Amino acid sequence: METESEPYVRLASLRQLHQAMADMNTARSLADTLQTVADGVVHALGYEMACVNLVRPDGDLVVAAFAGNSAAEALITGRVGPRASWERRLNMGERWGDLIFIPHTEGWILDDDDVPQWYTDGPAPRFEDEWHPSDRLFAPMYAPGPQGGGTSGELIGVLSVDRPRNGRRPGAWGREALQMYAFQAAIAISNARLRSNMQRALVRLEREQQALRASEESFRQAFEYAPSGMAIAEMGGDQHGRILRTNDALCRLLGRPASAMRRYSFSDLVHPEDIGTLLRTSAEGGRAELRLRRRDGSYVWTSLRNSVVADAADGPRFLLTHVEDIEERKRRELALAHRASHDSLTGLPNSAELRSRLSARLCTRPQSAHPAVDAMDAAYGDAPAADPVFDSGGHYFDFPPHPDPYGGHDHHEHAVTPEGDRDDGTKGLAVLFCDLDGFKSINDRFGHNAGDAVLIEVARRLSGGVRDGDTVARLGGDEFVILADGLGRADAADLAVRLRNEIIQPIRAEGRAVRVGASFGIGWAHCGMTADEVLKSADERMYIEKRSRPKQHRRAG
């Protein structure tokens, strides 16, 4: 703003000032707010240096933030000036509205006082309104008064500025801009202090888990103005878990008005797949990451933290729940997990994910090795799972499943293998090992880009040729594996034929049509085998099948 001429002000300058005020009102902490205030003077008001002197609880002023000169910042940041010395400065010089200007002709007596300051050198002014290195300009910052007035409140700090970039003392516009900026800075600092006090109160509640015995007004401010969601719910009694009160942040997060939130408990809003996570969360200091339903039916990932607000006479009475939006972090975590478990070229599950899915279907003991256990499995296996039971207060009751002598509680259906070479009606977990024929020649003749295009298209055709729930994975290179459960021998053979016929169709790669063939080996997974043993079996059958076919039939051209 140092180039402005009165009374004309560029729109860009007003935008800079508006942005500076917006930045200091959106800073995340008190320290960030103070530094943003100092930076705004330099970047938006056209001064080379700015210092924020903040009033401490004992009345003295500490240099809390500095901008524009790193040497000066290192020298005086954190130093304290007595309140009496500051009062002397604020009662000297010329009054420019709420600003105090002390010209060098008067300010020399302040050179050796005990207020932290930065000494600058420079020539004497050459014209009347030129800035002298020893000139001083202060903008007191007052807390908003009871009626919203700018200077009727208590002094919270002083904003001192130095060296206008145009070398001149500020004119009417520059003075008005600095005065307005100081007024807004006082509001931003007051709000930042309030937020800081609120956050300390929340941390204290979480760590100590004690009764909410502070003043009702203090708690109201901490609750209502919390930047993340907060809720208070009943604890104990017939209405246990019912939400009694929510703040604006939680209502905005879920898109629901406060009046509607009081009809729910968190168990009513949680995603069905996350109800177990909610139920396992301890009321006292418990944490959980789960999805909550918005008003439009969508879900948002949140982190819930519980604290007990206790009554000294009657014991725990209310549950204070802090709800934080972690949607973006969850997206990143899911993306990282997907990249770790999927092939970067084709998007299919990779070798590690394939083995994980296959291992999850296999237990360490083969079927029928323990007749008593198999009899128990048979007795329970076809019985429908009991539905969970909730009482009117949201309490959850469950009936434990039948015990498993091998350490688990979930019923496990053992993977079996169709017997013999003929289809006897037995359905099992088929593992189809696919190796492309003629793929190397495509890489050699047309380059790796063409080879990559072929692999991507083969992956697409394989995925489109299987059922929902089947797994198509890329094992590496030009090898793919399909896991298909519930197939007999004839079904698996038919699937291999269909997939081979899909693969041999022409593929567009690098502007030309190419063909590859495919050899399939069909293995069967059954309990007692490891994932590597299953894959090795299917791999060996694939090579037997490949060698048994004439070379000219291994690919379509």
Side-chain angles (χ1 to χ4, degrees), residues 1-2 20 23-24 30-56 58-96 98-126 129-141 155-170 174-175 177-179 181-182 185-186 188-189:
M1 292 188 178
E2 66 274 16
D23 290 343
M24 67 186 178
L30 177 60
D32 289 343
T33 301
L34 295 170
Q35 188 59 52
T36 304
V37 169
D39 292 339
V41 174
V42 173
H43 298 313
L45 296 181
Y47 294 91
E48 292 187 4
M49 289 185 288
C51 178
V52 178
N53 302 276
L54 191 65
V55 175
R56 304 193 310 178
D58 62 5
D60 291 340
L61 280 74
V62 60
V63 178
F66 198 98
N69 187 309
S70 57
E73 180 179 3
L75 179 68
I76 67 174
T77 299
R79 293 178 57 189
V80 177
R83 180 63 173 265
S85 298
W86 270 105
E87 293 289 353
R88 179 187 182 194
R89 288 175 174 237
L90 299 181
N91 289 318
M92 289 178 59
E94 304 173 14
R95 294 281 175 177
W96 293 353
D98 290 334
L99 307 179
I100 293 93
F101 175 71
I102 304 176
H104 65 280
T105 54
E106 300 180 25
W108 61 270
I109 63 175
L110 302 176
D111 289 345
D112 297 323
D113 72 359
D114 48 0
V115 171
Q117 55 190 329
W118 175 255
Y119 294 93
T120 58
D121 296 323
R126 295 165 296 175
D129 64 343
E130 185 177 9
W131 183 271
H132 189 279
S134 296
D135 288 343
R136 293 174 170 87
L137 180 57
F138 303 114
M141 297 181 292
L155 180 73
I156 65 172
V158 178
L159 187 60
S160 59
V161 301
D162 194 15
R163 288 182 178 273
R165 291 198 184 96
N166 64 359
R168 297 176 179 273
R169 296 177 182 176
R175 299 176 188 180
L178 179 59
Q179 182 171 311
Y181 187 83
I189 293 172

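Note that the numbering runs from 1 along the sequence shown for the chain. Treat the numbers as computed from the prediction; the structure is a model and nothing was measured. The figures here come from the full heavy-atom set of this structure, side chains too, leaving out hydrogens, waters and symmetry mates.
Within the 3.5 Å criterion, the main-chain N or O of Arg169 finds no donor-acceptor partner in the side chain of Glu130. Judged by distance alone, the side chain of Tyr181 and the main-chain N or O of Val37 form a donor-acceptor pair under 3.5 Å. Judged by distance alone, the side chain of Arg136 and the main-chain N or O of Ile100 form no donor-acceptor pair under 3.5 Å. Put simply, the side chain of Arg175 gets close to the backbone of Pro170: a donor and an acceptor are under 3.5 Å apart.
The side-chain heavy atoms of Asn53 and Phe138, taken from C-beta on, include no pair separated by under 4.5 Å. The closest side-chain heavy-atom distance from Val161 to Leu178 is below 4.5 Å.
For the pair Asp129 and Arg168, the salt-bridge criterion is met [side-chain N within less than 4.0 Å of a carboxylate O]. Using a 4.0 Å cut-off between charged nitrogen and carboxylate oxygen, Arg89 and Asp113 count as a salt-bridge pair.
Both tests do not hold together for Arg83 against Trp86: distance to the six-membered ring centre under 6.0 Å, angle to the ring axis within 45°.
A search for side chain to side chain donor-acceptor pair (under 3.5 Å) contacts involving Glu48 returns nothing, not counting sequence neighbours. Partners of Asn91 under the side chain to side chain donor-acceptor pair (under 3.5 Å) rule, at least two apart in sequence or in another chain, do not exist in this structure.
Counted by atom type alone, Trp131 and Asn166 present zero donor-acceptor pairs between their side chains at under 3.5 Å. Donor-acceptor pairing under 3.5 Å is recorded for the side chains of Asp114 and Ser85.
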